[in-house]
Protein chains: 2
Amino acid sequence: MADINSNAKIPPQNGAGEGATAAGAQPRDAEAAWDIIELLFFAYRDFVGDPDAVLLKYAFGRAHHRVLHFVNRNPGMKVADLLDILNITKQSLGRVLKQLIDQGFIVQKEGAQDRRQRLLYATAKGEALSLKLAHLQTERINRAFGELGPGAHEAARRFLTAMIDSDNREGVLRQIARADRAKTRG
Amino acid sequence: MADINSNAKIPPQNGAGEGATAAGAQPRDAEAAWDIIELLFFAYRDFVGDPDAVLLKYAFGRAHHRVLHFVNRNPGMKVADLLDILNITKQSLGRVLKQLIDQGFIVQKEGAQDRRQRLLYATAKGEALSLKLAHLQTERINRAFGELGPGAHEAARRFLTAMIDSDNREGVLRQIARADRAKTRG
DNA sequence: CAAAATATGTCAATATGGCTGACATAAATT
DNA sequence: AATTTATGTCAGCCATATTGACATATTTTG
């Protein structure tokens with residue numbers, strides 16, 4: 001045990017929250033978190049694995065999936081917004097975006113106020129594919145929540161949110177909420 | 001936090017209200033699961049982002065990280081086991097593994113019973129790097145659990161486990177348990 | 001208005017980390 | 001002795017990421 005955390009550091013934070021558990025819970029948790037590292041690896045691997053088979057038939061990769069997903073969720077988003085979300089360079093985005101546009105999954109429209117902007121929209125074809133892929137993932141998620149208790153969804157949401165960089169967190173939540181509105185009311 | 005999804009959806013699927021309990025848990029969440037898709041994306045992005053900066057200084061990538069992590073967690077594992085876990089080809093593994101070996105992070109030893117096998121072990125240097133990287137991730141995890149209540153760890157573990165392909169699930173859990181033993185008793 | 005900043009696109013070169021196919025070697029199994 | 005297994009390796013291809021430089025249109029600013 002000693003060689004795992006090597007006493008390098010016992011996080012002194014006991015944060016807000018109910019239990020807080022003070023210092024008592026730390027020694028065990030420092031090590032217990034290892035299971036989360038590995039579970040996250042395997043869960044994410046399977047999670048993104050589902051759409052891959054479908055994407056193969058379109059000769060698309062995960063990059064296309066990500067772009068299509070966020071464009072579909074945020075109709076009219078700017079290229080710059082997409083770059084921020086994906087954390088890649090415009091050159092990297094350029095290739096996959098061009099393919100999606102050329103093949104009719106996404107269209108660009110000139111911004112109304114700012115005509116330099118190319119606002120992105122999923123076409124009907126693009127939305128169909130995006131939903132098809134998302135469906136595979138929501139199936140997995142809902143199956144998981146079906147196996148677990150009623151509070152599982154909220155617990156997962158809180159956990160995942162807490163795992164995001166705190167500086168990004170607000171932006172991410174805002175972005176998700178905005179997309180929700182766009183798609184449910186749009 | 002509950003206001004994220006704003007409950008603004010109206011899938012006509014079933015009348016189950018807030019509770020939506022039962023093992024079936026046929027959620028009104030067919031759509032609500034979208035937030036999990038995106039939270040998982042952002043959480044995983046930040047989660048793997050932490051080690052990247054450190055890896056840069058060694059001219060290593062995520063592939064090296066994964067290999068080193070699992071070898072360190074499973075001392076004496078076979079190359080074939082690693083291939084199964086990572087789900088990649090031996091040619092892909094070969095490149096990164098060779099670099100890790102050449103630079104003294106991993107050593108190979110001939111199998112005792114079966115001398116064809118090359119059993120993999122992290123060196124002291126390798127273990128140090130592996131722990132350094134894992135530490136960044138456990139810090140994030142423990143910070144998250146610090147923000148959440150006392151049941152959060154168990155809930156996260158259950159959620160992530162349920163997200164894994166059911167055919168792999170047992171194997172993964174066995175592998176994690178085995179690694180735990182190897183490192184805590186070893 | 002002219003100059004500067006912004007949003008986007010594009011060309012070129014490079015790196016990483018996957019892949020397939022073919023072949024090699026040593027050791028175990030039949 | 002023949003076959004199978006565990007591993008390694010060569011060679012090449014593909015997808016996706018990077019940096020740097022430059023182009024174009026448009027908006028903002030001095």
Side-chain angles (χ1 to χ4, degrees), chain A residues 41 44-45 48-49 51-71 76-103 106-121, chain B residues 41 44-45 48-49 51-71 76-103 106-121:
Chain A
F41 170 78
Y44 196 80
R45 169 150 83 63
V48 298
D52 282 354
V54 175
L55 288 162
L56 267 185
K57 295 188 295 192
Y58 294 80
F60 285 156
R62 281 180 204 169
H64 302 86
H65 185 193
R66 289 194 289 267
V67 170
L68 182 58
H69 175 93
F70 284 107
V71 169
M77 77 188 307
K78 293 185 297 178
V79 170
D81 295 337
L82 196 47
L83 291 176
D84 281 348
I85 286 178
L86 299 178
N87 243 353
I88 58 176
T89 59
K90 65 180 172 180
Q91 295 91 331
S92 297
L93 173 60
R95 209 178 333 106
V96 295
L97 184 54
K98 187 176 192 312
Q99 291 175 291
L100 287 166
I101 290 169
D102 288 349
Q103 296 181 43
I106 289 179
V107 288
Q108 289 179 314
K109 296 182 185 174
E110 220 173 46
Q113 309 88 350
D114 188 335
R115 284 168 41 214
R116 289 170 305 182
Q117 297 174 347
R118 307 298 168 88
L119 307 184
L120 303 171
Y121 297 85
Chain B
F41 170 77
Y44 196 79
R45 171 151 81 62
V48 298
D52 282 354
V54 175
L55 289 162
L56 266 185
K57 296 188 296 193
Y58 295 81
F60 285 157
R62 281 180 204 169
H64 301 86
H65 184 193
R66 290 194 289 267
V67 169
L68 181 58
H69 175 92
F70 284 107
V71 169
M77 77 188 307
K78 293 185 297 178
V79 169
D81 295 337
L82 196 47
L83 291 177
D84 281 347
I85 286 178
L86 299 178
N87 241 354
I88 58 176
T89 60
K90 65 179 173 180
Q91 295 92 328
S92 298
L93 174 60
R95 216 174 327 115
V96 296
L97 184 54
K98 187 175 191 313
Q99 291 175 290
L100 286 166
I101 290 169
D102 287 349
Q103 297 181 44
I106 288 179
V107 288
Q108 290 177 314
K109 295 183 186 174
E110 218 172 50
Q113 309 88 350
D114 187 335
R115 282 168 44 215
R116 290 170 305 180
Q117 298 174 346
R118 306 299 167 87
L119 306 183
L120 303 171
Y121 297 86

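Letters A, B, ... are given to chains in the order of the sequence lines, protein chains preceding strands, and every chain is numbered from 1.
Rounded to whole Å, atom P of C:dA5 lies 22 Å from atom CZ of A:Arg115. One can place NZ of A:Lys78 at 6 Å from P of C:dT8, the figure rounded to the nearest angstrom. C:dA5 atom C1' lies 14 Å from atom CD of A:Gln117, rounded to whole Å. Regarding A:Arg116, its CZ atom lies at a distance of 12 Å from the C1' atom of C:dA4, rounded to whole Å. If you measure from atom CZ of A:Arg118 to atom C1' of C:dT6, you get 13 Å, rounded to the nearest angstrom. In this structure, the CZ atom of B:Arg66 is 14 Å from the P atom of C:dT16, given to the nearest Å. Going from atom CD of B:Gln99 over to atom P of C:dT16 covers 8 Å, rounded to whole Å. Here the C1' atom of nucleotide C:dA26 and the CD atom of B:Gln113 are 17 Å apart, to the nearest Å.
Going from atom CD1 of B:Ile106 over to atom CZ of B:Arg118 covers 14.5 Å, rounded to the nearest 0.5 Å.
Side-chain N/O atoms of B:His64 include none lying less than 4.0 angstrom from OP1 or OP2 on C:dT16.
When each of B:Arg95 and A:Gly94 is assigned the nucleotide of DNA chain C with its nearest heavy atom, A:Gly94 is the one assigned upstream, toward the 5' end. Along DNA chain D, the nucleotide closest to B:Ile101 and the one closest to A:Asp114 are compared, and the more 5′ of them pairs with B:Ile101.
Scored by the side chain to side chain donor-acceptor pair (under 3.5 Å) test, A:Arg116 finds A:Asp114 as partners (sequence neighbours excluded). Judged as a ring-ring contact (aromatic ring centres under 6.0 Å, His included), and not counting sequence neighbours, A:His65 has no contacts.
Contact check for B:Leu119 versus B:Gln108: no side-chain heavy atoms found under the 4.5 Å cut-off. Side-chain contact check for B:Asp52 versus B:Leu55: some heavy-atom pair is nearer than 4.5 Å. You'll find the side chain of B:Leu100 stays beyond 4.5 Å of the side chain of B:Val71, heavy atoms only. A 4.5 Å side-chain heavy-atom check between A:Leu120 and A:Phe70 finds every atom pair outside the cut-off.
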A:Gln103 and A:Phe60: CA distance, side-chain angles, deciding distance, side-chain contact (heavy atoms from CB on, under 4.5 Å) verdict: CA-CA 11 Å; A:Gln103 296 181 43; A:Phe60 285 156; 3.6 Å; yes

B:Phe41 and A:His69: CA distance, side-chain angles, deciding distance, side-chain contact (heavy atoms from CB on, under 4.5 Å) verdict: CA-CA 11 Å; B:Phe41 170 77; A:His69 175 93; over 6 Å; no

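Protein chain A contacts DNA chain D from D:dT16 to D:dT27, reading 5' to 3' and using non-hydrogen atoms of the protein with a distance under 4.0 Å.
Looking at every heavy atom in both residues, B:Arg115 comes nearest to B:Glu110 through O-CG, 3.3 Å.
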Pairing string, 5' to 3', for DNA chain C - Watson-Crick or wobble contacts under 3.5 Å, brackets [ ] where pairs cross, | to another strand: ||||||||||||||||||||||||||||||

Show the atom names and distances, to 0.1 Å, of all donor-acceptor pairs under 3.5 Å that link a side chain in residues 82-95 of chain A to residues at least two apart or in another chain.
from, atom 1, to, atom 2, distance (Å)
A:Thr89, OG1, A:Ser92, N, 3.4
A:Thr89, OG1, A:Ser92, OG, 3.1

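If you check residues 81-91 of chain A against DNA chain C, the residues with a heavy atom closer than 4.0 Å are A:Lys90, A:Gln91, listed by number.
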